[in-house]
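Note that the structure is predicted; figures quoted are calculated from it, not measured. Within every chain, numbering begins at 1; the chains are lettered A, B, ... in the order of the sequence lines, protein sequences first and strands thereafter.
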2 protein chains.
Amino acid sequence: MELLFFAYRDFIAEPDAMLAELGFGRAHHRILHFIGRHPGLRVSELLAILRITKQSLGRVLRELIDRGYVMQEEGASDRRQRLLHLTPKGRELLERLEVPQIARVAMALKRAGPDARKTFAETLLGLVDPKERQRVVALCGLGAGADAEE
Amino acid sequence: MELLFFAYRDFIAEPDAMLAELGFGRAHHRILHFIGRHPGLRVSELLAILRITKQSLGRVLRELIDRGYVMQEEGASDRRQRLLHLTPKGRELLERLEVPQIARVAMALKRAGPDARKTFAETLLGLVDPKERQRVVALCGLGAGADAEE
DNA sequence: GGAAATACGTCAGCCATATTGACATATTTT
DNA sequence: AAAATATGTCAATATGGCTGACGTATTTCC
């Protein structure tokens with residue numbers, strides 16, 4: 001349990017420092033991340049993923065839009081929807097933020113042995129609420145083989 | 001990476017809810033946790049672990065002391081030190097907070113197979129800053145065999 | 001075609017937790 | 001005695017959550 005705390009603390013530290021220079025926070029990173037991985041994400045889906053209120057999301061998302069990191073697109077089938085996309089600028093920032101994290105995960109998995117990826121992913125998934133697991137699996141693209149990405 | 005977010009989110013959720021009822025927050029839990037596992041912890045050590053400023057710690061620690069969850073003891077060899085301990089009330093609360101978390105981890109490890117514990121711990125440790133690892137190993141009591149606890 | 005439900009946005013105020021900077025006190029070290 | 005250390009505290013500020021209320025555009029349903 002303590003390990004989980006330390007790992008999360010250090011995992012988050014590098015991007016946090018970069019974000020701070022831009023006047024952003026961790027919340028901005030999370031939003032960029034999920035939009036980046038799921039282009040065309042609806043606002044309501046993002047709220048469900050993050051488990052925050054729309055008011056909380058609102059302020060942070062507004063900053064990202066105003067400063068040109070995120071774009072909104074009107075839904076094709078439902079014009080009430082605002083489908084979220086990263087701009088090239090947003091993609092570039094996300095990339096920069098996550099390079100150190102990806103490297104860190106890759107190193108940790110290498111260090112822990114050949115089938116660490118699978119075991120690690122399975123265990124983390126086991127920590128997620130059982131009711132949520134299916135959705136998380138879908139979101140993370142953990143298909144049959146559970147490969148690619150971290 | 002997304003998995004890490006979801007796992008951490010759900011791992012934290014139960015104690016958070018209990019704490020909220022007492023008017024406490026996540027910060028109180030972290031402090032109880034580390035004092036609980038390391039009785040006699042010094043304030044400066046706690047600050048280094050949590051990576052927060054003493055002002056931030058101050059308020060939260062004060063509440064825990066004032067409400068009878070934590071005691072301070074004068075250092076034997078150095079009377080400037082305030083060694084931290086849980087009161088019985090503090091131990092009782094910590095226990096209640098962590099029962100669901102321990103169960104959750106146990107289930108996740110079971111689900112992920114026989115040597116999940118070792119692989120999981122190794123991977124998490126790999127995520128920690130290399131410079132910090134030694135200290136974390138010592139703190140978490142991950143001796144040779146890496147057994148007991150989570 | 002009009003009412004209700006949905007998707008989203010926004011205003012205002014509150015709380016928890018973190019920050020920096022400055023300063024106080026007791027104690028130990030040099 | 002002076003300096004360094006361990007801790008505590010005051011004040012101001014920022015971030016990122018929250019609740020509640022309300023507004024608007026659009027879709028759905030009777």
Without decimals, in angstroms, what is the distance between B:Arg59 CZ and C:dA18 C1'?
8 Å
Nearest 0.5 Å please: distance from the OH atom of B:Tyr69 over to the CG atom of B:Leu22.
5.0 Å
Hey, is A:Glu92 close enough to A:Lys89 for a salt bridge, meaning N to O under 4.0 Å?
no
Grab the CG-P distance between B:Leu46 and C:dA18 for me, whole Å please.
11 Å
I need the residues from residues 22-30 of chain A with at least one non-hydrogen atom less than 4.0 Å from DNA chain D; give them sorted by number, or say none.
A:Gly25, A:Arg26, A:Ala27, A:His28, A:Arg30
Measure the distance from CG on A:Leu84 to C1' on C:dG9 and round it to the nearest whole Å.
13 Å
Does B:Arg111 reach the main-chain N or O of A:Glu122 with its side chain, forming a donor-acceptor pair under 3.5 Å?
yes
Can B:Arg91 and B:Glu95 be counted as an ion pair, charged N to O under 4.0 angstrom?
no
Given B:Phe34 and A:Phe5, is the ring pair (Phe, Tyr, Trp, His ring centres under 6.0 Å) satisfied, shown in steps?
CA-CA 11 Å; B:Phe34 285 104; A:Phe5 167 78; 5.5 Å; yes
Specify the separation, in whole Å, of atom CD of A:Glu21 and atom C1' of D:dT15.
17 Å
CD1 of A:Ile52 versus C1' of C:dT10: gap in Å, rounded?
15 Å
Quick one: on DNA chain D, does A:Val60 or A:Ala76 contact a more 5' nucleotide (nearest heavy atom)?
A:Val60
Pair B:Asp129 + B:Lys131: basic N to acidic O under 4.0 Å
no
Rounded to whole Å, please give me the gap between CZ in B:Arg9 and C1' in D:dG16.
17 Å
Determine, using the 4.5 Å side-chain heavy-atom cutoff (strictly less than), whether A:Val128 and B:Ile102 are members of one ILVMFWY cluster.
yes
Atom CD of B:Gln134 with >12 non-hydrogen neighbours under 6.0 angstrom:
no
How many whole angstroms separate atom CD of B:Glu74 from atom P of C:dT25?
18 Å
Gap between atom CD1 of A:Ile49 and atom CZ of A:Arg37 - 0.5 Å precision:
12.0 Å
Going 5' to 3' through nucleotides 5-11 of chain D, assign each nucleotide B (protein heavy atom under 4.0 Å from a base atom), S (under 4.0 Å only from sugar-phosphate atoms) or - (no protein heavy atom that close).
BSBBBB-
Supply the atom-to-atom distance B:Arg117 CZ to B:Leu109 CG, rounded to the nearest 0.5 angstrom.
5.5 Å
Less than 4.0 Å between a side-chain N and a carboxylate O, is that true for B:Arg133 and A:Asp10?
no
Please list every stem that involves DNA chain D, where a stem is a run of 3 or more consecutive Watson-Crick or G-U wobble pairs with both pairing distances under 3.5 Å.
C:1-30 with D:1-30
Does OP1 or OP2 of D:dC18 have a side-chain N or O of A:Ser56 closer than 4.0 Å?
yes
Rounded interatomic separation in angstrom, taking CG from A:Asp16 and C1' from C:dT17
14 Å
